[in-house]
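For reference, the structure is listed below as structure tokens.
None of the values given here were measured: they were computed from a predicted structure. Sequence lines set the chain letters: A, B, ... in the order given, protein chains first and strands last, and positions in each chain run from 1.
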2 protein chains.
Amino acid sequence: MNQLILKTPLSEAQEDYLKQILLLSSGGTGSLEPTLAVSTQDLADEMQIKPASVTGMLKKLSEHGLVEHEAYRGVRLTATGYKVALEVLRHHRLIEAYLHQALGYGWEEVHAEAERLEHHISEAFEARIAEWLGHPSHDPHGDPIPSAQLELPQDAPSQRLSSLEDGEYGLVMRVATQDQDALNLLARLGIRPGAKVEMLMLGHSVEGTRVRVGEQRYLLPTNLAQMVWVSPLGDEYAG
Amino acid sequence: MNQLILKTPLSEAQEDYLKQILLLSSGGTGSLEPTLAVSTQDLADEMQIKPASVTGMLKKLSEHGLVEHEAYRGVRLTATGYKVALEVLRHHRLIEAYLHQALGYGWEEVHAEAERLEHHISEAFEARIAEWLGHPSHDPHGDPIPSAQLELPQDAPSQRLSSLEDGEYGLVMRVATQDQDALNLLARLGIRPGAKVEMLMLGHSVEGTRVRVGEQRYLLPTNLAQMVWVSPLGDEYAG
DNA sequence: CAACATTTTTAGGTTAGCCTAAACTTAGGT
DNA sequence: ACCTAAGTTTAGGCTAACCTAAAAATGTTG
Ligand SMILES: [Mn+2]
Ligand SMILES: [Mn+2]
Ligand SMILES: [Mn+2]
Ligand SMILES: [Mn+2]
């Protein structure tokens with residue numbers, strides 16, 4: 001149905017560039033509205049590629065009409081590039097959800113497998129796993145999955161765990177990192193989408209953030225506490 | 001467990017070469033014992049690549065110790081190359097089985113998807129779908145699936161449908177082609193692994209082979225009748 | 001057994017996607 | 001406004017995997 005028709009089918013590298021431009025341009029907030037232009041350096045860092053190589057690829061993507069690249073001032077997705085990026089992201093997140101729910105992968109091990117497979121599945125495969133999953137709106141990390149029409153789900157408002165008030169409760173909505181170590185650690189602590197956390201009294205300090213998860217109390221380093229997005233819960237849900 | 005450790009991870013192209021050398025060297029019988037040496041030309045035809053390019057790749061595979069290539073006299077797999085080829089074939093056939101049984105693909109549509117995915121799944125993925133399937137010994141076409149230890153299942157003796165005697169019954173064991181048109185046609189006629197066929201009286205003629213499948217009688221072109229492998233059934237199973 | 005058609009290899013070329021090193025542009029601090 | 005560090009682009013190179021065209025080896029057949 002929605003498969004984009006492009007003159008040239010895109011390579012794995014090109015698809016990854018477009019996806020990363022989208023993720024970086026929406027600044028880690030998960031909103032996926034491409035606002036800012038993305039710098040060569042940021043792409044290079046994120047993709048573990050040298051800046052000179054990034055420039056070369058941006059030139060090619062620009063010739064194909066997928067990005068607009070103004071020399072020395074960064075790159076933005078065109079309308080077409082944005083759609084391709086959403087399509088790749090849909091593949092990635094559907095695959096993550098399928099690996100987790102159908103094949104029993106841990107939510108912290110799905111990313112690497114999805115990173116490769118996203119480029120190699122057919123539209124038929126996409127359709128069948130979406131069907132099997134019941135057309136989910138979010139992946140196992142709480143990231144939104146673009147629909148088959150590439151529309152994004154409306155997300156409930158959320159805030160970083162690190163910004164909860166002392167004594168406040170939050171429902172974990174998203175864990176916004178692909179860092180393997182961070183995912184492993186948070187998985188071990190039980191901090192995953194759907195979990196309930198309480199910000200302890202005097203919870204904020206220079207060493208990090210003190211929270212309760214189930215029976216356990218933890219001191220989360222600030223960088224970890226910023227990756228976790230929660231939806232505040234009124235005290236009536238405090239149990 | 002069994003994943004082969006090679007100095008260099010192989011490319012998609014290299015894996016496909018090794019797999020094709022294995023399939024061609026066992027001469028379409030499905031036995032997968034690499035007997036004959038494979039010619040540059042046959043590989044070029046099968047893979048839709050020019051002979052000059054094949055020579056180049058064989059030289060590289062030879063340097064990596066995966067094949068033995070004697071100039072002008074064809075190529076054979078080494079022990080290592082044989083194991084890699086079996087590993088790729090295991091991926092291919094497990095994926096075909098999974099697409100068919102878990103995701104509802106028709107048995108005639110699984111090949112193209114498996115051809116790509118075979119190179120991009122992890123050993124973890126292989127293990128999980130094998131588990132889900134209950135460690136199957138054959139794929140939806142009836143082709144044998146190497147075990148995790150790369151051992152091949154012992155196949156019941158079978159013969160080409162075209163060689164059944166007049167009036168004899170056969171159980172379809174294998175449909176030995178990847179040709180899309182042939183698969184579509186045979187699927188439509190109900191000639192698939194597990195089906196029962198009867199060779200009609202006076203069934204052999206120059207136009208092909210006359211058989212009964214269920215209530216229907218067909219005149220199968222000879223080339224199709226040779227792709228279908230059957231295990232002869234005694235008359236007691238004739239119902 | 002020689003001549004020729006077929007098969008295979010060699011030589012040289014292309015494209016994609018990466019690299020390093022050097023040159024250039026921009027922006028920030030004084 | 002200038003100087004410099006940081007960021008970016010340009011120039012030149014590399015490897016993988018294909019290609020075409022021409023040369024060489026093989027084997028078939030009259
Ligand atoms: Mn990827
Ligand atoms: Mn995710
Ligand atoms: Mn393949
Ligand atoms: Mn098969």
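- Distances shorter than 4.0 Å separate none of the side-chain N or O atoms of B/T55 from OP1 or OP2 on C/dT10.
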Quiz item: How does protein reach along nucleotides 19-27 of chain C, written 5' to 3' as B (base within reach of a heavy atom under 4.0 Å), S (only sugar-phosphate), or - (no contact)?
Solution: BBB--BSSS
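- A/T40 comes within contact range of the sugar-phosphate backbone alone, with a heavy-atom separation under 4.0 Å but no base atom that close.
- For the OP1/OP2 pair of D/dG7 and a distance below 4.0 Å, the side-chain nitrogens and oxygens of A/S39 include no atom meeting the criterion.
- A straight line from CD of A/E12 to P of C/dC18 spans 10 Å, rounded to a whole angstrom.
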Extract all donor-acceptor atom pairs below 3.5 Å that involve side chains of residues 43-71 of chain A and protein atoms in other chains or at least two apart in sequence.
residue : atom : partner : partner atom : Å
A/T55   : OG1  : A/P51   : O            : 3.3

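- At a threshold of 4.5 Å between non-hydrogen side-chain atoms, the residues A/V172 and A/R192 do not count as touching.
- Enclosure of atom CD in B/Q159 by more than 12 non-hydrogen atoms of other residues, nucleotides or ligands within 6.0 angstrom is indicated.
- With sequence neighbours excluded, the residues that form a ring-ring contact (aromatic ring centres under 6.0 Å, His included) with A/Y98 are A/W132.
- Remark: B/E115 pairs with B/K19 by the salt bridge (charged side-chain N to carboxylate O under 4.0 Å, His left out) rule, at least two apart or across chains.
- With sequence neighbours excluded, the residues forming a salt bridge (charged side-chain N to carboxylate O under 4.0 Å, His left out) with B/E113 are B/R116, listed by chain and number.
- In this pair, A/H111 and A/H141 present their aromatic rings perpendicular. The plane angle is above 60°, beyond the 30 to 60° band.
- Rounding to whole angstrom units, CD of residue B/Q41 and C1' of D/dA25 are separated by 15 Å.
- Note on B/H69: a side-chain N or O is less than 4.0 Å away from OP1 or OP2 of C/dT9.
- Near DNA chain D, meaning a heavy atom under 4.0 Å from it, residues 56-63 of chain A has no residue at all.
- The separation between B/H64 atom NE2 and D/dA17 atom C1' is 13 Å, rounded to whole Å.
- Ring to ring, B/H120 and A/H119 are not that close: their centroids are 6.0 angstrom or more apart.
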Self-check item: Trace of the side-chain hydrogen bond (donor to acceptor under 3.5 Å, both in side chains) decision for A/H91 with A/E118
Solution: CA-CA 5 Å; A/H91 282 194; A/E118 62 188 356; over 6 Å; no
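- Residue A/Q14 contributes atom CD, which lies 14 Å from atom C1' of C/dC18 at whole-angstrom precision.
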